[in-house]
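Working notes, beginning with the structure itself.
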Amino acid sequence: MGEQDTLEIGGQSLTSRLLVGTGKFASHQVMQKSILHSQSQIVTMALRRIDFDSEQENVLNYIPDTCTLLPNTSGARNAEEAVRIARIAKAAGCGNWIKIEVIKDNKYLLPDNYETIKATEILAKEGFIVLPYMSPDLMVAKQLVDVGAAAVMPLGAPIGSNRGLLMKEMIRILIQEISLPIIVDAGIGKPSQAAEAMEMGAAAVLVNTAIATADDPVLMAEAFAQAVKAGRTAFLAGPGAIKEYAEASSPLTGFLK
């Protein structure tokens, strides 16, 4: 894989294709070390977790300087709330990147695609770099492109479930039909699943629970970093065709005469 294989989002060139979430870690110190070992350059965090008044407890102080902060609108139940959270994050100095999360369903935590499109359109017009989290649907993804999203983030499985790529075929369609980077978000539970997403042609993956809840989060972060690189390399290499019947790798005739 050449040095020029970078991921472009919002005018920023990234060499890492692993985005990392910050919830569920046992401590800020473990989170920080895991992020460093993941080699991630984009870290997402719910704005409501940030304590701006406490130097010791402010989780922002544990985000490596090499990372771009991607605040998310976790807790928003409609577009209006998501927009308000995004504006608060920007005013608080968290930059102009925002991950839109609009969720009303408390059982499966599935995103509201309609409200997500509305919030994306408003914030993109205000100059935000908007990365919307969505249930994989081609028509919705096309609308997100039209209203100014910088990338599209379909879920692989429900948030925090570690169930892997349950939506694989829908994600494959998005990869084929959408010109923006497709970042598989939510549900990835193992490095092998991250590698599979990358082999399919995903531009990147976002992982949180699988790293944070591992017995050794730091080691798991390393494993995901390696898996994402391996999957990306395999995609660029172009896997061979799948065939219905056996095909010998060596000639079957002309050996014994």
Rounded to the nearest 0.5 Å, how far apart are [atom1] of [X] and [atom2] of [Y]?
X	Y	atom1	atom2	answer
Glu177	Ile182	CD	CD1	10.5 Å
Tyr108	Ile159	OH	CD1	14.5 Å
Leu138	Leu174	CG	CG	6.0 Å
Leu144	Thr120	CG	OG1	5.0 Å
Asp112	Arg77	CG	CZ	12.5 Å
Met167	Ser135	CE	OG	7.0 Å

Heavy-atom side-chain contact between [X] and [Y] under 4.5 Å:
X	Y	answer
Leu47	Thr73	no
Val20	Phe224	no
Pro71	Lys90	no
Ile35	Thr22	yes
Ile178	Lys142	yes
Leu155	Asp185	no
Met200	Val184	no
Val205	Met198	yes

If I compare all heavy atoms of [X] with all of [Y], which pair ends up nearest, and what's the gap?
X	Y	result
Ala76	Glu101	CB-O, 3.6 Å
Met134	Ala141	CE-N, 3.8 Å
Lys24	Gly160	NZ-CA, 3.9 Å
Ser74	Ala46	CB-CB, 3.9 Å
Thr116	Pro132	CG2-CB, 3.6 Å
Gln193	Gly187	OE1-O, 4.3 Å

Inset, instruction - Check the pair Gln41, Gln12 against side-chain contact (heavy atoms from CB on, under 4.5 Å), reporting the backbone distance first and the verdict last. - result: CA-CA 11 Å; Gln41 294 170 298; Gln12 188 167 332; 5.5 Å; no
Inset, instruction - For the pair Tyr133 and Asn72, evaluate side-chain contact (heavy atoms from CB on, under 4.5 Å) and give the outcome as yes or no after the intermediate values. - result: CA-CA 10 Å; Tyr133 169 61; Asn72 66 60; over 6 Å; no
Legend entry - Co-members of the apolar cluster containing Leu206 [side chain, <4.5 Å]: Leu7, Ile9, Leu14, Leu19, Ile42, Leu70, Trp97, Ile129, Leu131, Met153, Ile183
Inset, instruction - Run through the side-chain heavy atoms of Ile, Leu, Val, Met, Phe, Trp and Tyr, join any pair under 4.5 Å, and report what else lands in Ile98's cluster. - result: Val83, Ile100, Val102, Ile122, Leu123, Phe128, Val130
Inset, instruction - Take Lys229 and Asp5, measure what salt bridge (Lys or Arg N to Asp or Glu O under 4.0 Å) needs, and give me the verdict at the end. - result: CA-CA 11 Å; Lys229 289 178 182 176; Asp5 180 49; over 6 Å; no
Legend entry - Main-chain N/O of Ala82 paired with Arg87 side-chain donor or acceptor, under 3.5 Å: no
Inset, instruction - Using atom types as modelled and distance alone, determine if a side-chain donor or acceptor of Ser38 lies under 3.5 Å from a backbone N or O of Ala221. - result: no
Hydrophobic clustering (ILVMFWY, side-chain heavy atoms < 4.5 Å, transitive) - are [Y] and [X] grouped together?
X	Y	value
Met139	Tyr114	no
Leu18	Leu36	no
Leu219	Ile211	no
Phe25	Val218	no

Inset, instruction - Show your reasoning for whether salt bridge (Lys or Arg N to Asp or Glu O under 4.0 Å) applies to Glu81 and Arg84. - result: CA-CA 5 Å; Glu81 292 180 357; Arg84 189 185 314 148; 5.4 Å; no
Inset, instruction - Would you sort out whether Val228 and Val207 count as a side-chain contact (heavy atoms from CB on, under 4.5 Å), showing the intermediate values? - result: CA-CA 11 Å; Val228 169; Val207 181; over 6 Å; no
Inset, instruction - For Asn113 and Gln143, run side-chain contact (heavy atoms from CB on, under 4.5 Å): C-alpha distance rounded to whole Å, both residues' side-chain angles, the deciding distance at 0.1 Å, then the answer. - result: CA-CA 10 Å; Asn113 282 349; Gln143 290 181 69; over 6 Å; no
